[in-house]
Amino acid sequence: MLGYCARHISFFVLQIVQRRNGHVTSNQTLVKLMSVATVCNNAQTIEGAFHGNPSECALMNSASELGCLDLRQSYRRVEEWPFSSETKTMMVKCVDMHSNHVYFLKGALERVIEKCSSYYYFGAQSSLDVDAQKRIQTFASELGSQGLRVLGLAYSSDGKSFTYVGLVGIVDPPRRGVLEAISSLYDCGVRVKMITGDAKETAVAIAQQLGIHSSGDTTLSGNDIDSMDIRELQNIIHRVSVFYRTSPKHKTTIVKCLRQAGLVVGMTGDGVNDAIALKTADIGIAMGKTGTDVSKEAADIILVDDQFSSLIAAIEEGRSIFHNIKNFVRFQLSTSIAALSLIAISTLAGYPDPLNAMQILWINILMDGPPAQSLGVEPVDHDVLSQPPRKSKEQIISRQLLVNVLISALIIVSGTFFVFYRELGDKHQVNRRETTMTFTCFVFFDMFNAMSCRSQTKSIFHIGFFTNRVFLLAVGGSLLGQFLVIYFPPLQAVFQTEALTALDLLFLLGVTSPVFFVSEIKKWLFSRRCAGNDHSKLAQTDSYSV
């Protein structure tokens, strides 16, 4: 949802053009227009700059450029009816210099027009007939189709029957980078829908600029939503790109409907009225700068810089964290299953224990810990943005993950048991030599397995050996600890090990490396298959386009 754009770029003032002898109406009407715009306005002047609602600041800037700021001093405000999403208008009651009461009204043009029975014309009031209303709507549509936010302005002496003065169009362009961010979101498989309180013409024009709306897409107003039941809305909501003239309750209805359709919904908002929709969405996203405290409390994520493009980084980081968790789980499961299976097979086969208690503790605490933790801080893979969104109910331990775990565990168990059986020979008791070879073999398997678990689909030669410095430190520290256990006499006594020769280490490297190379071959085959599928889809698309 796009609820925030850079405003206050420029302003346009337009009234009903009445021509007499080829001349536009006098400035008297423009002065009346600026009176409403500046008095029915809460923007404050602080150190020569206007602060407050961006649209109201734009009106004050326009008055300043026209030299009409002093009009505000001609009235004393008595009462205010603030803008709300229900009324879509703001009204103030004032007293002028002659102690007369006057009401000023501004807001959505259709809401202002419905309160008006006349319009201001050459210092006098003329009946607001059907033809005049059509001319007003025509001008408003022209401004809205240019992407301008249109406000109607009126005044009254009794607060009941108003006189239409004119309308203003405020430029509300998207912030820099929003167009590119939305394009990236579509590449990620994320659909963007606009929910706004603006008129249809304005909303569609902005949505077309941002690539959200195109020909064939459907638009719905808040009134349209009110007239539909939930099933009707669900049938059409996938085709709707723009919701206009909406209220907070409509936002909540839209979010609920999208969620019931099985979609994961992220909702952006900054106002108090957005809190319910933010809470209802799967991911509520509040603005850190312009957002209210209520919206921040209701949200799951707060954009500190209020930049829509920050969502791309959040999606990228979230997907990378999910992948890193899977890498961590794969490594831990394969190592644990391999260790349990090794002990179980040795016991069932009637062999002595291949590892003593201290060696098993060393593997579980020191050897698995640091490498496994380092997999959780694997750098972000930017290619995750090109992947389609995963299903919301997708489990971390998937079928593919289990297959990889079992293959790795099978290789580790087979290789380690082979080394143990080879060293044991016909003996029925193990000595330090057998346990040291088996122990070191399992640790080497762990290190190669950890290296292959850095990515589920990409080769280590593609992601780079040195991109995760924490992993290098963890593996390096673990290997250093292992060599100390083997070659440092005090630790040899504790772990019941003995020094191995260089040939022993080379033999163990040859035995343990297949767990890494088998994983690399699987990733290569997977990438070839994915490339073939993408090529097939591309060929089908090209054929269809022709």
Counterpart residues, side-chain hydrogen bond (donor to acceptor under 3.5 Å, both in side chains), relative to [X] (two or more places apart):
{"X": "Arg245", "answer": "Glu110"}
{"X": "Ser398", "answer": "none"}
{"X": "Ser459", "answer": "Glu520"}
{"X": "Ser334", "answer": "Asn449"}

Rounded to the nearest 0.5 Å, what separation is found between the SG atom of Cys453 and the CG atom of Asn327?
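Result: 7.0 Å between the selected atoms.
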Rounded distance (nearest 0.5 Å) linking atom NZ of Lys251 with atom CZ of Phe243:
12.5 Å
Taking [X] for the side chain and [Y] for the main chain, is one N or O donor matched with an acceptor at less than 3.5 Å?
{"X": "Thr202", "Y": "Leu148", "result": "yes"}
{"X": "Thr440", "Y": "Thr436", "result": "yes"}
{"X": "Lys326", "Y": "Ile397", "result": "no"}
{"X": "Asp300", "Y": "Gly284", "result": "yes"}
{"X": "Tyr244", "Y": "Met194", "result": "no"}
{"X": "Asp353", "Y": "Leu355", "result": "no"}
{"X": "Ser374", "Y": "Pro371", "result": "yes"}
{"X": "Arg191", "Y": "Ser241", "result": "no"}
{"X": "Ser519", "Y": "Val515", "result": "no"}
{"X": "Gln359", "Y": "Asn356", "result": "yes"}

Can you confirm whether more than 12 heavy atoms, excluding those of Lys296, are under 6.0 Å from its NZ atom?
yes
Within 6.0 angstrom of Leu491 CG, more than 12 heavy atoms from elsewhere
yes
Polar contact flag, side-chain donor to acceptor under 3.5 angstrom, [X]-[Y]:
{"X": "Ser295", "Y": "Thr292", "answer": "yes"}
{"X": "Lys522", "Y": "Asn404", "answer": "yes"}
{"X": "Asp446", "Y": "Thr335", "answer": "yes"}

Is there a side-chain contact between [X] and [Y], using heavy atoms and a 4.5 Å cut-off?
{"X": "His213", "Y": "Thr219", "value": "yes"}
{"X": "Ile460", "Y": "Phe516", "value": "yes"}
{"X": "Lys249", "Y": "Asn273", "value": "no"}
{"X": "Val242", "Y": "Ile195", "value": "no"}

With a 3.5 Å cut-off and sequence neighbours excluded, list the donor-acceptor pairs that the side chains of residues 504-511 form with protein atoms.
unit_1: Asp504; atom_1: OD1; unit_2: Arg433; atom_2: NH2; d: 3.1
unit_1: Asp504; atom_1: OD2; unit_2: Arg433; atom_2: NH1; d: 2.6
unit_1: Asp504; atom_1: OD2; unit_2: Thr501; atom_2: N; d: 3.1
unit_1: Asp504; atom_1: OD2; unit_2: Thr501; atom_2: OG1; d: 3.0

What residues, two or more places apart in sequence or in another chain, satisfy side chain to side chain contact (heavy atoms under 4.5 Å, CB included) together with Val377?
Asn468, Val470
Which pairs pass side-chain hydrogen bond (donor to acceptor under 3.5 Å, both in side chains) with one or both residues in residues 221-233, sequence neighbours excluded?
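Counting only pairs at least two positions apart or across chains, the side-chain hydrogen bond (donor to acceptor under 3.5 Å, both in side chains) contacts touching residues 221-233 are Ser221-Asp224, Asp226-His250.
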By the side-chain hydrogen bond (donor to acceptor under 3.5 Å, both in side chains) test, which pairs, at least two apart or in different chains, include something from residues 252-261?
Gln234-Gln260, Arg259-Asp282
For Val485 and Trp362, what are the C-alpha separation, side-chain angles and deciding distance, and is it a side-chain contact (heavy atoms from CB on, under 4.5 Å)?
CA-CA 10 Å; Val485 167; Trp362 176 263; 3.8 Å; yes
Side-chain donor-acceptor pairs under 3.5 Å in residues 414-421, sequence neighbours left out?
unit_1: Ser414; atom_1: OG; unit_2: Leu410; atom_2: O; d: 2.7
unit_1: Thr416; atom_1: OG1; unit_2: Ile412; atom_2: O; d: 2.7

Keeping to residues at least two apart or across chains, list the salt bridge (charged side-chain N to carboxylate O under 4.0 Å, His left out) pairs with something in residues 194-215.
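Salt bridge (charged side-chain N to carboxylate O under 4.0 Å, His left out) check on residues 194-215 returns Arg149-Asp198.
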By the salt bridge (charged side-chain N to carboxylate O under 4.0 Å, His left out) test, which pairs, at least two apart or in different chains, include something from residues 463-480?
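Output for this query is empty, none listed.
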Pair Ile212-Lys193, side-chain contact (heavy atoms from CB on, under 4.5 Å): steps then yes or no
CA-CA 7 Å; Ile212 298 175; Lys193 298 182 183 293; 5.8 Å; no
What pair of heavy atoms forms the shortest contact from Thr218 to Ile236, and how long is it?
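Scanning both residues completely, I find the closest heavy atoms to be CG2-CD1, 4.0 Å.
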Which heavy atom of Ile206 sits nearest a heavy atom of Gly147, and at what distance?
CD1-O, 3.7 Å
Before you tell me yes or no, could you show the steps for Leu278 and Thr268 under side-chain contact (heavy atoms from CB on, under 4.5 Å), namely the whole-Å CA-CA distance, both residues' side-chain angles and the distance that decides it to 0.1 Å?
CA-CA 7 Å; Leu278 290 172; Thr268 65; 5.8 Å; no
Apply side-chain contact (heavy atoms from CB on, under 4.5 Å) to the pair Ile283 and Val265, showing each step before the final yes or no.
CA-CA 6 Å; Ile283 307 169; Val265 182; over 6 Å; no
Enumerate the ring pair (Phe, Tyr, Trp, His ring centres under 6.0 Å) contacts for residues 445-474, please, sequence neighbours excluded, ordered by first and then second residue.
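The answer is Phe461-Phe465.
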Between Asp217 and Arg239, is there a side-chain N and carboxylate O pair less than 4.0 Å apart?
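No salt bridge links Asp217 with Arg239.
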